[in-house]
There are 2 protein chains.
Amino acid sequence: MKLINRDVDYAARALVFMARANKPTVSVAEMSGKVGVAGPFLRKIMQKLAKAGVVHAVKGKGGGFAMARRPEAVTLRRLIDVLQGPLKLNDCVFRQRICQNHAGCVLRHKIAGMEQRLLAEVEAVTVRDLA
Amino acid sequence: MKLINRDVDYAARALVFMARANKPTVSVAEMSGKVGVAGPFLRKIMQKLAKAGVVHAVKGKGGGFAMARRPEAVTLRRLIDVLQGPLKLNDCVFRQRICQNHAGCVLRHKIAGMEQRLLAEVEAVTVRDLA
DNA sequence: CGGAATGATACCAAACGGGTATCATTAAAT
DNA sequence: ATTTAATGATACCCGTTTGGTATCATTCCG
Ligand code: FES
Ligand code: FES
């Protein structure tokens with residue numbers, strides 16, 4: 001039950017790299033070596049980040065990616081949301097059997113609480129913290 | 001990223017059923033209907049619980065399973081450990097690239113903290129709480 | 001002995017995750 | 001205008017995990 005998958009991992013590394021590099025844009029080719037991940041794969045990740053507005057893409061020669069927000073404004077939660085879907089501990093696992101009505105299910109309620117607290121924690125971690 | 005998988009779910013339901021039933025042993029046949037899961041599947045789960053000492057198995061006619069401990073002594077954490085492996089959020093996802101030395105990796109450290117707090121929470125939930 | 005229960009194991013199908021390859025599009029440099 | 005360096009968009013592959021079923025062996029009560 002990994003909290004974050006490889007996409008989030010690599011994205012974090014790339015963003016840290018970008019935050020450190022003092023350049024308007026950074027190309028995937030530049031990053032892939034230092035980040036330790038194959039180029040095409042990293043590109044796919046960066047594309048998702050671009051679509052989500054976390055980074056800004058510049059096409060053409062001399063182009064690349066640039067952070068769209070300041071490092072301290074990019075939370076781990078956002079990366080998780082974008083790259084592996086919203087954090088849901090709860091898939092409503094008991095169904096109408098023991099607890100009858102959804103709201104009354106004790107376990108579900110407890111897990112929901114855990115989810116809330118975990119969300120608050122991933123929200124508190126930013127790229128700035130990692131750089 | 002489910003916190004618990006179906007095995008844990010079904011196990012919890014079965015254990016609640018057993019805790020409520022005032023009988024020395026309960027057979028899978030009795031439970032499978034009420035719990036809402038196919039017999040053979042539930043048996044496989046109960047076997048794992050028996051191996052782990054959570055329940056006690058009685059073979060032969062009139063046999064079945066009985067709780068080996070009181071409901072309040074069976075934690076959600078134990079069920080997770082037995083049925084889906086230890087709860088590890090952390091798979092050490094950054095490797096010697098950005099953080100260089102393992103101990104210094106900020107993200108890893110933060111996730112480890114989250115894991116600790118989450119473990120404490122699942123430890124606090126018992127079958128008694130669900131019954 | 002015969003039936004009712006668990007023990008152990010093997011198997012299967014679908015979903016998921018991590019990763020690669022390919023072609024199209026854009027824009028700067030020459 | 002051509003070339004070249006970059007991203008955009010897809011399609012595909014494959015190994016692992018997961019949820020679930022089937023089968024046979026073993027034990028114990030009556
Ligand atoms: S009914 Fe969905 S968890 Fe109780
Ligand atoms: S080295 Fe393993 S997470 Fe930093």
Side-chain angles (χ1 to χ4, degrees), chain A residues 1-11 13-14 18 21 23-33 35-68 80 82-85 88 91 93 95, chain B residues 1-11 13-14 18 21 23-33 35-68 80 82-86 88 91-93 95:
Chain A
M1 208 211 62
K2 293 188 291 273
L3 177 66
I4 64 175
N5 65 8
R6 310 242 158 189
D7 281 15
V8 175
D9 173 8
Y10 294 150
R13 285 152 78 160
M18 291 172 66
K23 305 174 55 179
T25 68
V26 182
S27 76
V28 165
E30 293 176 74
M31 282 189 288
S32 67
V35 164
V37 51
F41 193 26
L42 183 55
R43 258 183 58 208
K44 209 169 55 171
I45 295 172
M46 297 308 295
Q47 286 178 7
K48 288 184 192 169
L49 292 180
K51 262 192 181 172
V54 175
V55 298
H56 175 235
V58 180
K59 287 172 96 174
K61 194 165 184 174
F65 294 93
M67 296 199 64
I80 291 175
V82 169
L83 295 173
Q84 66 179 22
K88 280 203 197 315
D91 272 350
V93 107
R95 305 186 203 277
Chain B
M1 209 211 62
K2 293 188 292 270
L3 177 64
I4 64 175
N5 64 10
R6 309 242 158 187
D7 281 15
V8 175
D9 173 9
Y10 293 149
R13 284 152 78 160
M18 291 172 65
K23 305 174 57 178
T25 68
V26 183
S27 77
V28 166
E30 293 176 75
M31 282 189 288
S32 66
V35 163
V37 51
F41 192 26
L42 182 55
R43 257 182 62 207
K44 208 168 58 170
I45 296 172
M46 296 308 295
Q47 286 178 6
K48 288 183 192 171
L49 291 180
K51 262 192 181 173
V54 175
V55 299
H56 175 234
V58 180
K59 288 171 96 174
K61 192 165 186 173
F65 294 93
M67 295 199 64
I80 291 175
V82 169
L83 295 173
Q84 67 180 21
K88 279 200 197 318
D91 271 350
C92 180
V93 109
R95 304 187 205 276

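Note on naming: letters A, B, ... go to the chains in the order of the sequence lines (proteins, then strands), and numbering restarts at 1 for each one.
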**Q** Take the protein atom CD1 of B/Ile4 and the nucleotide atom P of D/dT18, then report the distance between them rounded to whole Å.
**A**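 Result: 14 Å.
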**Q** Can you name the residues that form a salt bridge (Lys or Arg N to Asp or Glu O under 4.0 Å) with A/Lys51, not counting sequence neighbours?
**A**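 A/Lys51 satisfies salt bridge (Lys or Arg N to Asp or Glu O under 4.0 Å) with no other residue.
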**Q** What integer distance in Å separates A/Ile45:CD1 from D/dT7:C1'?
**A**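 These atoms are roughly 15 Å apart.
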**Q** If you compare all heavy atoms of A/Ala21 against all heavy atoms of A/Val26, which two are closest, and at what distance to 0.1 Å?
**A**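 Nearest pair, atom of A/Ala21 first, then A/Val26: CB-CG2, 4.3 Å.
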**Q** Taking the side chain as every heavy atom from C-beta outward, state whether B/Gln84 and B/Lys2 have any pair of such atoms under 4.5 Å apart.
**A**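 Heavy-atom side-chain distance check fails, nothing below 4.5 Å.
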**Q** What residues, two or more places apart in sequence or in another chain, satisfy salt bridge (Lys or Arg N to Asp or Glu O under 4.0 Å) together with B/Lys23?
**A**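 Scan of B/Lys23 (salt bridge (Lys or Arg N to Asp or Glu O under 4.0 Å), adjacent residues dropped) gives B/Glu30.
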**Q** Under the salt bridge (Lys or Arg N to Asp or Glu O under 4.0 Å) test, which residues partner B/Lys48, sequence neighbours left out?
**A**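 Salt bridge (Lys or Arg N to Asp or Glu O under 4.0 Å) list for B/Lys48, sorted by chain: B/Asp7.
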**Q** Roughly how far, to the nearest 0.5 Å, is CD1 of A/Ile45 from CZ of A/Arg6?
**A**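 Spacing of CZ (A/Arg6) from CD1 (A/Ile45) equals 11.0 Å.
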**Q** Quick check on contacts: within residues 46-54 of chain A, what sits under 4.0 Å from DNA chain C by heavy-atom distance?
**A**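 Heavy-atom contacts with DNA chain C come from no residue of residues 46-54 of chain A; none.
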**Q** Produce a footprint string for nucleotides 14-30 of chain C: one letter per nucleotide, 5' end first; B if the base is under 4.0 Å from any protein heavy atom, S if only the sugar-phosphate is, - if neither.
**A** ----SBB----BBBBS-
**Q** Starting at atom CD of B/Gln84, determine the distance to atom C1' of D/dT17, rounded to an integer number of angstrom.
**A**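 To the nearest whole Å, that distance equals 13 Å.
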**Q** Just jot down the side-chain contact (heavy atoms from CB on, under 4.5 Å) partners of A/Gln47, sequence neighbours excluded, or say none.
**A**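 A/Gln47 satisfies side-chain contact (heavy atoms from CB on, under 4.5 Å) with A/Arg43 only.
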**Q** Just how far is it from atom CG of B/Leu3 to atom CD1 of B/Ile80, taken to the nearest 0.5 Å?
**A**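 The CG atom of B/Leu3 sits 4.5 Å away from the CD1 atom of B/Ile80.
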**Q** How many Å lie between CG on A/Leu42 and P on D/dA9, as a whole number?
**A**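 Whole-Å distance recorded here is 16 Å.
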